[in-house]
Amino acid sequence: MYGGISIIELLAMLLGDDTPADELVAKTYAESGAGGTWRAALHDGFVDRTQLPRAAVQAGGGGGAALTATAAGGSGAQNGNLEVTFLPSSQTYDGRFANNPWLQETPDFLTKVTWDNVALISPDTADALGVSSQDVVRIKVGDRALDIVALVMPGQARGSIGVILGGGRTRAGRVGNKQREWVGGGFDAYKLRTSAGLDFVTGATVSRTGTRYKIATTQEHHDIRRGFSISATIGDKEIQKKLPDLVRETDRAGFADVAYKAEKTHPYYHDHEHGRGYSLYKEQTYDGRRWAMAIDLGNCMGCNACVVACQAENNVPVVGKREVTRNREMSWLRIDRYFRGDLNDPEVVGQPVACQHCENAPCETVCPVGATLHSSEGLNDMVYNRCVGTRYCLNNCPYRVRRFNFVDYHQEFNDARNNVRKLLFNPDVTVRERGVMEKCTYCVQRIQAAKIKAKNPAPHGAGERGPIADGTITTACQAACPTEAIVFGDLSDPESRVSKLHGDRRQYELLGELNDKPRTRFLARVRNPNPELAPAGKPAGHH
Amino acid sequence: MASPSEAAAGSDGEAQAVFRGITDDVSRVALNPTPKWWWPAFGVSNLMLLCLVVSLYHLFTTGIGVWGNNNIQGWAWDITNFVFWIGIGHAGTLISAVLYLFRQDWRTSINRSAEAMTIFAVAAAGIFPIIHTGRPWFAWWMIPHPNDMGMWPQFRSPLMWDVFAISTYATTSILFWYMGMVPDLATLRDRAKERWKQVGYGLLALGWRGSARQWHRYERAYLILAALSTPLVLSVHSVVSFDFATSQNPGWHTTIFPPYFVAGAIFSGFAMVATLLVPLRHLCGLKHIIKESHIEAMCKIMIATGLMVGGAYGIEIFIAWYSGNAGEWFTFRNRVLGEYSWAYFAMVSCNVLVPQFFWIRKCRTNPWIVVGLCILINVGMWFERFVIIATSLARQAMPGMWGYFSPTRWDVLTFIGSFGLFFTLFLLFARFLPVIAMAEVKAVSPEAHAGKDHH
Amino acid sequence: MTTPANDDETPGAADAPPPDRPGHADGPDGGRGDDGDDGRGTGNGNGHGSDEELHGLLAEFETPGALIAAARKVRNAGHTEFDCYSPFPVHGIDPAMGIKATRLPIVVFLGGLTGLVLGTLMQWWMNAYDWPWNVAGKPTWSIPANVPISYETTILLSVLTTFFGMWAANKLPQVWHPFFRLDRFARVTDDGFFLGVEAGDKRFDLEQTRQLLVAAGATHIEECYVDARPEARTMPRWIMAAMAVLTMVALIPVALVFKARATKSPDPHWHVFSDMDYQPKLKSDQPFADFADGRANRGELPGTVARGQLKADDAYYRGIAGGQWLTGLPAQVEVSEATLARGKQRYDIYCAPCHGFDGAGMGIVPARVEALGGAWPARNLVERGSAVITMPNGQLYNTISNGYNTMMGYASQMPVADRWAVVLYVRALQRSQNAAESELPAGSQVR
Amino acid sequence: MARFLFPEWTQPLKKYVITPALLVGPVYIVLMAALVKDPQTLRVGYMPEQPVPYSHALHAGEMGLDCRYCHNVVEQSAKAAVPPAATCMNCHQTVLPRSEKLLPVRQAFFENEPLRWVRVTDLPDYVFFNHSAHVTRGVGCETCHGRVDRMVRVWQAQPLTMQWCLDCHRNPEPNLREPANVTVMGYQPAAGEGAAVKARLKINPPTDCSTCHR
């Protein structure tokens, strides 16, 4: 864009050849004998029939038992003999993407930490060390020492400190440089990592430095373990009670029962069974298309691809660390992560939550100006330019998926240096200003584009107008999902994938007892753990 | 006719002296040179008002983000302050209208200042629904008017009900207050010595001359306004409570809210009236008009409403448990035992325990104790709204979006500023307008029947 | 404590010197106030000026009870144009004076009813009729949700009717009244009880009425005069002038608005609130200074191939087959009436301006050049023996796409399919322009 | 100081000044606010200076060029496209090739700079209008842009407010014509033409929020 040159060109120039890079590559391609034209290969993105041969592998016997023992017991090492493992960051990898604010603000899929890298300590070890989350600890290995903020992480192995790499850079750029506590930037974990121990080192000593450092997480926005102890217990107990309702799961045996219906598995609210079927008034009906989504929890692995895709597609602003600590992250799609069971060896459950597009949307009733209304196709439309920002809809949304622009998150564009970043915006989506509410729209810009395209006559010929075939419209999150956990489509077409998933016996509505009639439905996960890996005393699946 | 009036009626000149005494004492407050205590008080109020101006400027130029509100607690101090002030703004109309309908003659000593307080509290409350919006410059979209968007307001929203309820209430309160004040403004007109006051009060008094034919219609209109204000005052806080009661959130979605809010409003309103009047009667030398018995009566009402509010707290919890609704029950357990339990216990102790001191006579008669307890009650009532709004929102149905609210300095400044607005207006009122309804006090005094034949 | 109002307890004090009335020393009505005071100063019936007119008699009583008794007497004496004045409503005076119950409650009821109907109609019309929104799947009209607002509008209109109705019925505001001229009357808002009989009453007689009032127990009786000079009753000129000026000033914005409506302006329109009207995003047709070409639109990036833009088919995209111009048509081009119609439409839009609708080369552009004194005929596409007739389809397609000689390429204006349609149409045009009459279908030959 | 007495001439003031002012004043204020805010006052008639004195009246009117000659993607895309200088040069390399007025066009063409036309019809960025969806359904250019063939310098002819859009979305028939004639200026649709087009093309314009706001 700025007339730079690529590595290939630079190397070629050093060799005295100033052919442009694309020609060099094309030439190499032609010489490689891969067949076909370079242009075609570039278009397809791959060259057919060049994959590696399929290999046959077999699991070695008995390995599982050993793994189980380690996971459950851990090393139980004492301070001074702790293990430190170096983990690539899920956001900045080894630090190379540190200057990308989208990634910096994407919450890590397990820790939900943004803008910083941390040292993960298991709850037991943390208790033994007297360390709690947000304490800055000094990790010493030999003569090397690192001050880094600790995060008590359920599921981290006992006696092992997981140090996440990728922070503390000083020349990454305006975003990625190590900054003040309120801005983030993390800690330089390479102070501890030598070529002698690239993946892990042992013999570490951990001590508290006495200072604290605010971590910005998008879940448990503050440390629930601090303060009044009953409060933490109440919250934790409640989460454990709610979980089977929110994230429904079954095991192979449960699923084998032909009468299994995820809808009926967990009556958290006692009237769940008979909360349906009666209405005081005549409800609205939808004659035409009915857009809907299905999210298969069995496929979702919490990789965050959908979160970033949504951010890119929908002009979702990056708000910065301080705003995240104030619970003001703007991401329209969040992946809730919960721990279940023993905190030292928990099961992790995740759930992507965006606007559910309820047919009886509680947010709509309360808007005084009609800024959020239902479309004739069942979308819960949000009109940014009508919004006066009472935030009542946010308060009344049981799923808490609405996001408010508390300050002008696009103020940086007043600065000419950021001009080029305007190119990041999707021109088909409004860039929201401060004071308005926003939320997932089911990528309505894509829906509208497809609808117009389907109705427009073909470039020539006498106006062919076709229906929108199932799969023509993909939402950004769906397109990015590597496991196809998200399916979007039209419920009025009984053959569409989404219709079939909505009829699946694994489907259930999130908080269905409220009778909001969400258009997004979840499919219960079928857990099928290896019995040898399942921890002792915890049967695989527990319903 | 009661016997004291007969005694008073014995001498006609005495009756006139009594009336003149009332006129003198009340007019003196408005017409005499500014008392020494007024300027420092006004200065402090103005400083607080300045806080409001500064924080509003910062708010309008930066956004709601200057406050601690977030995507979990969309409302926090802003709406807490709004409900707090609107609650306080209930006592005035209640004293004026309801007690008038019940023929509680003692109200005449306090109704004028209580009404004034109502209006100023409604003014302080009224700014919050507007400034709490993200784009206050578009708040006028809530007023139904033809426009080039072809859009109308959405009347199912309780916020629209609020718009109508509060504007009706503000209008009614102001008209009621002003109408009641006209004869007294005429008194000030006729006694003012400076030309600007003569003209000013003269214009405000509309040429009132106490004609019997005019008194006749005036009294009838006053009665009608009282009759209209009584259901209105009950409806306003009910409508405010609908903001919460008609929502879907556990902790908000409660049928008990309308009566509970109204009781709380009367409770806090009387506490505020007492807080203001106890010093006022000392400072303005009105002890013989605003008598100790009036303060005591207000204290007794506070015991009653405090118990009602306490009962509501108990019933809320009972119903949450009895409903068997797991989410509801959790919200209430969390309220009492969760991370906001400090706010809950502040609320209960201030609202339920504190008024119990009023059973003791000394606590009702000692001005320091009365003011102290009343301030505590208002603190408690603020916490009640905070508990309902912020703590209910903190832990709703999705544990993935649980959070904790921390106010910023701008939250505090805005709140202080709203007090500044209230006190500034009240001090201006206490300085320039008749703080006591002279005509009404005269009308209910035993001397009003002097010289009548007994048939 | 004494106040000016009760300095004069004795009737004689009515002869007190006239008070100062500053502010009326000059102007057309200067001295009017003094005249009024003179009238009052000598107000006991002797010697007031001829420009004074008797308004009535004002009697003072000591107690409310005395006032009631006096009112009854005056009424029994047949007076109707009289009124009692008191600092507070004296109970029992209404029957004594014969005041009929006011009709205010009925008016208020009607006002409230109007409020109820208007409030309900407004909500129905706005939410259920004019634009029925689908709000949370609820019915567009359901009474319960509309009760609070209907209720509030009912109360609001009732209150407004009460308030304004009462003042209107009382004929207030009326800051001027003859009795205000009497210093004593100032006590009516303090401790005085007065009964005033107006001179306009048909039973009024100065002496008899005075006797009646004395008999009724008045402690003090005064005559009240009004200034009868016309200049005291006409508005001062400056008020008229101010009103006229105000009216003129109010018309200025009206004039400005109508000017704005009637004229065109090169200035961009005024955004009252420009929220999100201009967003930081870049749209395809926006300028963008950070790129050398000044455009935000990047077009195709060199060295990349977008999905679906491989365009590997030479015959279709370039009109070449086997290194030669394509002579037939690519497989994608369907020879049909629809294609031909499309081709004609596109030809008429893009080609006809130069080549003419008949293809003869004299379109509007060459005609314009000629009119301006130049000469630049476009190529005749249909001329018998022209190279255009013999050139292969592929070459014709290529000429449309990339231009030839002074003709620019139309690849950016016409999609590929359209260009082939135009090729098809040009062929048809050539054929039709050079057709023999015998080739026409039977029945359409020129007779 | 003596009492102040209001003079008697205040009596007619009530009748002739205060009451009329109270009645007329609010009406005046509301009416003026409405008039000022009215798009007819604020928006219609915006006629900016253009970098080149291009005359639609000459090209589209007198010479009869089809709108689509320059606004060529109007049938396929959301935007009608402001033509690049190359489109001008299609003709102007031979017609008036040395004209002073056309200097910016030649400069833009030969130096690959954009010709910065000033946008006349500009909707706020939160409104997503799609030309193709309207033009291919038979909404004429003229309906929104007015008689461009008579404008020497183009000006905004319609208020383009939401209410104005809604009026047509709710009752499209009066503004529909055979799609082949969309570019015809001064077109008079035959009786029943709109209804026929609406039925044939199954035109049912939505009034959902997300139709225009995304």
Side-chain angles (χ1 to χ4, degrees), chain B residues 20 23-24 27-28 30-33 134-135 137-157 167 171 174-175 178-179 182-211 214 432, chain D residues 1-15 17-19 21-22 26-27 29-44 46 123-124 126-127 129 144 156 158-172 205-213:
Chain B
R20 202 175 313 132
T23 316
D24 288 346
S27 312
R28 193 172 50 220
L31 298 177
N32 277 14
R135 302 198 290 170
W137 47 95
F138 283 129
W140 49 279
W141 281 346
M142 287 188 233
I143 304 166
H145 66 287
N147 56 75
D148 60 28
M149 294 175 282
M151 293 280 288
W152 303 110
Q154 207 272 99
F155 292 112
R156 282 178 205 81
S157 168
S167 51
T171 314
I174 291 171
L175 296 184
Y178 175 64
M179 197 177 119
V182 165
D184 295 341
L185 287 167
T187 307
L188 295 185
R189 169 196 69 197
D190 291 343
R191 297 173 67 91
K193 293 186 194 69
E194 290 115 298
R195 174 58 39 91
W196 69 273
K197 282 188 177 172
Q198 290 174 339
V199 176
Y201 288 128
L203 287 173
L204 285 174
L206 305 177
W208 181 260
R209 52 185 189 273
S211 136
Q214 291 181 341
F432 293 111
Chain D
M1 190 176 282
R3 281 165 62 220
F4 169 79
L5 293 180
F6 288 93
E8 193 181 352
W9 55 257
T10 53
Q11 280 295 89
L13 222 54
K14 182 170 73 177
K15 197 167 169 190
V17 181
I18 297 171
T19 313
L22 281 180
V27 175
I29 290 168
V30 168
L31 216 67
M32 279 312 294
L35 267 175
V36 167
K37 238 195 123 275
D38 186 40
Q40 197 73 34
T41 314
L42 279 187
R43 303 189 194 175
V44 174
Y46 171 45
L123 295 177
Y126 51 76
V127 182
F129 175 84
C144 307
Q156 183 172 336
Q158 296 288 350
L160 306 179
T161 60
M162 177 166 160
Q163 177 69 64
W164 182 83
C165 296
L166 278 172
D167 286 344
C168 184
H169 268 237
R170 285 176 181 151
N171 179 26
T207 50
D208 297 332
C209 313
S210 54
T211 306
C212 308
H213 305 297

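Every chain is numbered from 1 and lettered A, B, ... according to where its sequence line falls, protein lines coming before strand lines.
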(message) How close do D:Lys37 and B:Trp140 get, counting heavy atoms only, and between which atoms?
(response) CE-CH2, 4.0 Å
(message) Counting C-beta onward and ignoring hydrogens, is there a side-chain heavy-atom pair between D:Trp164 and B:Asp148 closer than 4.5 Å?
(response)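 The answer is no; the side chains never approach within 4.5 Å.
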(request) Working to the nearest 0.5 Å, report the span between CZ of D:Phe4 and CD of B:Glu194. (result)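 Between D:Phe4 CZ and B:Glu194 CD, I get 14.5 Å after rounding to 0.5 Å.
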